[in-house]
Amino acid sequence: MKKLFLIFNFIFLIFNFSYTQQGGKFVFAQLKYSGNWDTRPTAWDRISEFLTMSTSVKIIRERRVITISDEKLFWSPFLVITGDSDFGKFSDDEIKIITKYVQCGGMIFIDDSSGKKGSGFDKSIRAMVNKISPENPLERIPTTDAMLKSFYLLQNVSGRIITNRYFEGCKVGERYSIIYSQNDLLGVWEKDNLGNYIYPCDDKQRWEAKKMMINIILYALTGTYKSDTIHLPFIKSKLK
Amino acid sequence: MTKGNPLGMKKISYILRAVIFILIIFLIFQPKKKIYRVRNTPTVAVLIDNSRSMQITSDKNNFSRVKKKIIPGIAKSSKINPIFFKFSDELKNISAGEIGKLTATGKRTDIIGTLEKINNEFLGKELDAVILFSDGNQNVEKSADEVIKEFSELDIPVITVVPQPVLSQKNISIGKIDVPDVAFRNVGLTLPAKINIYGFVGKKISIFLKSEEMVLQSKSIDVVDNGVTDVDFDVKPQIAGHINYSIEIPTYSGEQNIYDNKKKFVLDVEPEKIRVLYLCGQPSFNYSFLRNTLKNDPNVELVSFIILRNPENIVPVSDSELSLIPFPVEDIFSKEIYNFDLLILDNFNYSKFPINYQHLANIKNFITVNGKSLFIISGEMPLSVYQNTPVAELLPVNPSAEIISEKFRLAVLSPEHGILKLTDDVASNNYIWKEMPLLDGINVSSVGEKSVVLAKSEKSNYPVITIAEKGKGRVMCITTSSLWRLALGSENPYNYVRIIGQSVKWLTNAASIKQVVIFAKKSYNINDTATLKIRIKDEYFKPVNNASVNFEMTSPDGKKERIEVFPETESGEYGANVELHSSGEYKIYVSAYDKKRFLGSDKISFTVFNISRESEDTNINEQFMKEIAGKTAGNFFTTDNFSIEKSDIKPKTKKSDVLYEINIWDKTPIYLILIFLFAVEWFLRRKSGLL
C-alpha cells in the first residue's frame with residue numbers, strides 16, 4: 001500500500017513538474033475538447049527534439065493537455081487545437097474564456113488533420129473563431145509576414161497535404177494571435193514505434209512543413225521580431 | 001380748341017399721362033426720405049494708464065504733464081465729447097476733475113482687457129474713437145488679435161499715445177525673449193532676445209544665458225547707439241522636462257531700474273521617442289509579452305536582438321536558408337549603445353559571445369556617467385554570471401547562481417511607487433496587487449546596497465522587483481521570467497502594460513510622457529494669474545474629453561484648495577486659472593479618472609517671485625501701441641506731438657443714426673393731385689373729341 005502511495009506520488013510529481021518549473025520556457029499545450037482532439041499524439045515529441053537541437057528555445061518537454069476550464073490554460077501562452085471531424089459547439093462561457101485568453105496575449109494554432117477542404121472540423125473551427133474574434137475574422141496570412149521568416153526563410157506555406165497555399169489568421173495588435181492551417185502540419189512529424197513516418201509525404205514537402213512548424217513556434221515566442229527594420233536588409237539579400 | 005390746336009392738346013394729354021404714370025409707379029414702390037441725425041462732436045473714450053510703470057517709463061514729471069496739461073486740454077476741447085477712464089488691471093470711469101489727482105499705483109497693466117471692457121461699456125451706444133494713454137506694457141497674459149480685430153470691424157479707431165521716452169535715461173533691460181512652445185531633447189534651437197540699452201554708448205555689455213544658476217553661454221555687445229539690440233543664444237537641451245533658464249545682465253552703475261536686468265523663462269523639453277535596446281538570451285514568452293508591450297507603446301522606439309541559436313545548436317541547412325543575422329557585438333557595445341536611453345538585458349548571458357571587459361565597462365558608463373538606464377531580467381539564467389564584471393556594480397541585488405522553481409505571489413512593499421501604482425486609491429491599489437496571479441521561478445538574490453525592493457516573493461521573501469539609482473542613471477532588476485503572467489493570468493491584462501510602461505518612464509525619467517500632464521510656467525510674479533493647462537490621455541495615448549479631474553493647490557502658507565477644472569477643447573485639454581497673491585512655492589496636484597478608471601496623476605510646483613510686473617519691464621512698448629493704432633485705422637503719437645487736431649477724429653454717420661423717415665407718398669394731397677390730373681386729362685380728351 002505504502003509502495004503504491006509512493007508510486008502515485010511520484011507520478012503526480014512528474015505530472016506537475018512541468019507546470020511548476022515553467023518560468024519563460026516554451027510549453028506545448030493542446031486543447032482537449034468533446035471531439036477527436038488528439039489526432040497527432042506524438043507530434044510534439046518529435047518537434048521538441050528538433051526545436052531544442054536547432055534553436056536556443058528552452059522548452060518543457062511534456063505536452064500539456066488541457067481543457068478550456070483548466071486554470072493551466074492561463075499558464076500556457078501557446079495553445080494547439082487539432083482534429084479531423086466536427087465537434088460539439090463550445091458553450092458561451094467557454095467562448096468567453098478563449099476570447100479572454102486571446103485578448104490577454106495567448107496564441108492559438110489550429111491544425112486540421114483531415115486534409116480536406118470544408119471538412120466537419122473546418123466548419124466547427126470557423127464557427128468557433130467567428131465567435132472568438134468577430135471584429136478580426138480569419139484572413140489569409142501573406143507570405144511576407146514575419147511568421148514565414150521567424151527562423152527559416154520560407155517562400156510559401158507547406159504541410160503534409162497542401163489543402164491551401166496559405167494559412168489563415170486573426171490579428172490582435174500587430175501579430176496573428178490565431179493561426180489556422182488546413183495542411184495537417186503536425187501530421188508530418190508522426191512516427192510509429194519503429195521510427196517510420198506514419199503518414200506518407202514527399203520528403204521535400206515534409207521538410208518544408210517541419211520548418212514551417214518551427215517558424216510558428218518561434219513566431220509565438222518572438223512575434224514580429226523578424227519584421228524589424230534591422231533585419232530587412234539581411235533578409236532581402238538572403239532571399240536574392 | 002380741338003379745332004384750333006389739336007396737336008397741342010395731344011401734347012398736353014401725353015404729358016399728363018406721363019405724369020400720372022410716374023405717380024402710379026411711385027405709389028407702387030413708395031420711396032422714402034430718411035432724415036439723419038447730425039452729430040458735430042464725436043464721442044471719444046479717453047483711457048489713462050495709471051499702472052506703476054507709467055511713473056517709471058516716463059518719469060514723474062512726464063506723467064504729471066500728461067495728467068495736468070495734455071488730458072485737461074482734451075477735456076476742454078470743443079471738437080470731441082470725451083469720456084474719461086483710468087485703468088491698470090481694472091477699468092474705472094472718472095470725471096475730468098479727478099484726472100489731476102491720479103496717481104500711478106496700479107499693480108498690473110491690462111490694455112487688451114481694458115479695450116474689451118470699453119467695447120462692452122459702449123455696447124449699443126455711440127463711440128467714435130478711443131484715445132489710449134499708456135506705455136504699452138501689457139503684462140497680463142492675453143491675446144490681442146481678437147480684440148483689435150473687433151475694434152477694426154466696428155470702425156472705431158484707437159489713437160495710441162505713449163509717454164515721451166527719456167532718451168537721456170540710463171537703463172539696460174531684457175525685452176522680449178522668443179521662447180518656443182516646445183523644444184526637443186538633443187535638438188538645438190535659437191533663443192532670440194531683445195536687449196534695450198539707453199545711456200551706455202561706448203560701453204561693452206555682457207549678457208549671460210544661465211540654467212539653474214550655471215552659465216551656459218555669454219555674449220558681449222559693444223554699444224554704439226541707444227535702442228534695441230538683438231542677441232541670439234543657441235542651446236541644445238540635454239534632458240527632458242521643464243527646464244529653467246534665465247538671461248541676465250550685470251547691473252551697471254547709474255541704471256534707472258535694476259530689476260529688469262534678469263528675465264527668467266522655462267523651456268518645455270520633450271524627449272524624442274525613448275530609444276530602447278532589448279537584448280534577449282533566448283526566445284521566450286517573457287520576450288514575446290515584453291516586446292509586444294514595448295512595440296505598442298507610441299513613446300518607445302524599440303531595437304531588439306534575440307539569440308535564436310547558440311553555438312551548440314545544429315541546423316541542417318545552410319545559413320542562407322535562415323533568417324538569422326550576425327549579432328554585432330562591437331557595434332552595439334562600443335558605439336550604438338550610446339544612442340539609446342534604455343538597455344534591456346533579458347536572461348542575456350554575455351559569456352556566450354565575444355563580449356569583453358571593456359564592453360561591460362561601457363554598459364556601466366552608459367548608466368553611471370551618461371545617465372541612461374538598465375532593465376535587467378533573470379529567471380532562466382542567473383545574474384551571477386555577471387559577478388566580478390562592471391555590470392555587477394550596477395545590479396540592485398546580490399545574485400546567487402540558484403534558480404528555484406516555486407509558484408509565488410508578489411508581496412508588494414511599495415505600492416505607492418510610480419512603477420507599481422495602478423490606481424490612485426491606496427486600498428484599491430493594494431487589492432489589485434493582492435489579486436495578481438501567481439508567478440513562477442526566481443533567481444535567488446538578496447537586496448543590494450542603496451537599493452529598494454518594490455516587490456518580493458510572498459513566502460520565500462526573495463527580491464523580485466528591485467530598483468536603484470547608479471551614478472546619473474537608474475537600474476531596475478526583475479528576477480523572474482514569468483512576469484508575463486500578470487498579463488495572461490490576470491483579470492486585467494492592462495495592469496502588465498501599465499507596469500512595463502511605468503517602469504520605462506521611471507527608468508528614463510520621462511515625466512513628459514505621462515497620461516496626465518500639467519502645463520504651467522515654472523515661475524510667476526506676484527499678483528499674476530496662472531493659466532494652467534492639463535492634458536489627459538488614456539492608456540493608448542488618445543485624448544480623454546470627459547474625464548473627472550481633481551485639482552488641488554497648496555499655497556505657500558500650506559493652505560490647500562480644490563479648484564474646479566473644465567474641458568477646454570475636444571482634444572483632452574483642460575484649463576484652470578489661479579490667482580497668485582502670495583510669493584513663495586505653490587504646489588499643484590492633479591489626478592484624473594475616466595468614469596472609475598484611474599488615468600494617472602501629475603504634480604508640479606512653481607515659484608511666485610515678489611517682483612511686480614510693473615517694474616520688471618520698464619521700457620515703452622512702442623511696437624505694440626503702433627500695432628493697435630495701425631490695425632484699427634487710428635494714429636500713433638508720443639505725448640509731445642499729440643493733439644486732438646492731429647488725431648483726425650470724426651463723428652461717424654451710421655445707419656443706426658437715422659432719426660426718422662418720411663413717406664412722402666403716404667399723404668392725402670398726393671392722392672388728390674392724382675385724381676385731379678386724371679380728371680383734367682379726361683376733360684381735355686373729351687373736349688377735343690378723343691373720347
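A quick note: this is a predicted structure, and the numbers were derived from the prediction, not measured. We name chains A, B, ... by the order of the sequence lines, and we start the count at 1 in each one.
Note on Asn492(B), Leu438(B), Leu483(B), Asn292(B): by heavy-atom pairs under 4.5 Å with chain A, the leading option is Leu438(B). For the set Glu321(B), Arg309(B), Arg291(B), the count of heavy-atom pairs under 4.5 angstrom toward chain A peaks at Arg291(B). Among the candidates Ser304(B), Ser482(B), Gly281(B), the residue making the largest number of heavy-atom pairs closer than 4.5 Å to chain A is Ser304(B). Contact count against chain A (heavy-atom pairs under 4.5 Å) is highest for Ser323(B) among Ser481(B), Ser284(B), Cys280(B), Ser323(B). Ranked by non-hydrogen atom pairs under 4.5 Å with chain B, the options Gly105(A), Pro77(A), Gly223(A) are led by Pro77(A).
When atom types are taken as modelled, the side chain of Asp341(B) and the backbone of Arg275(B) share a donor-acceptor pair closer than 3.5 angstrom.
Ring geometry for Tyr101(A) versus Phe74(A): interplanar angle over 60°, hence perpendicular rather than tilted (30 to 60°).
No hydrogens or angles considered: a donor-acceptor pair under 3.5 Å links the side chains of Ser351(B) and Asn349(B). Asp111(A) and Ser181(A) share a side-chain donor-acceptor pair at under 3.5 Å. For the residue pair Arg40(A) / Tyr199(A), a side-chain donor-acceptor distance below 3.5 Å is found, with atom types taken as modelled.
At a 4.5 Å heavy-atom cutoff, Thr480(B) makes no contact with chain A through either its backbone or its side chain. Using a 4.5 Å cut-off between heavy atoms, Leu439(B) contacts chain A through its backbone alone, with no side-chain atom that close. With a threshold of 4.5 angstrom between heavy atoms, Phe78(A) approaches chain B through its backbone and through its side chain. Heavy atoms closer than 4.5 Å to chain B are found in the backbone of Ser76(A), but not in its side chain. For Phe305(B), the parts sitting under 4.5 Å from any heavy atom of chain A are the backbone and the side chain alike.
You'll find the ring centres of Trp207(A) and Phe50(A) inside the 6.0 Å limit.
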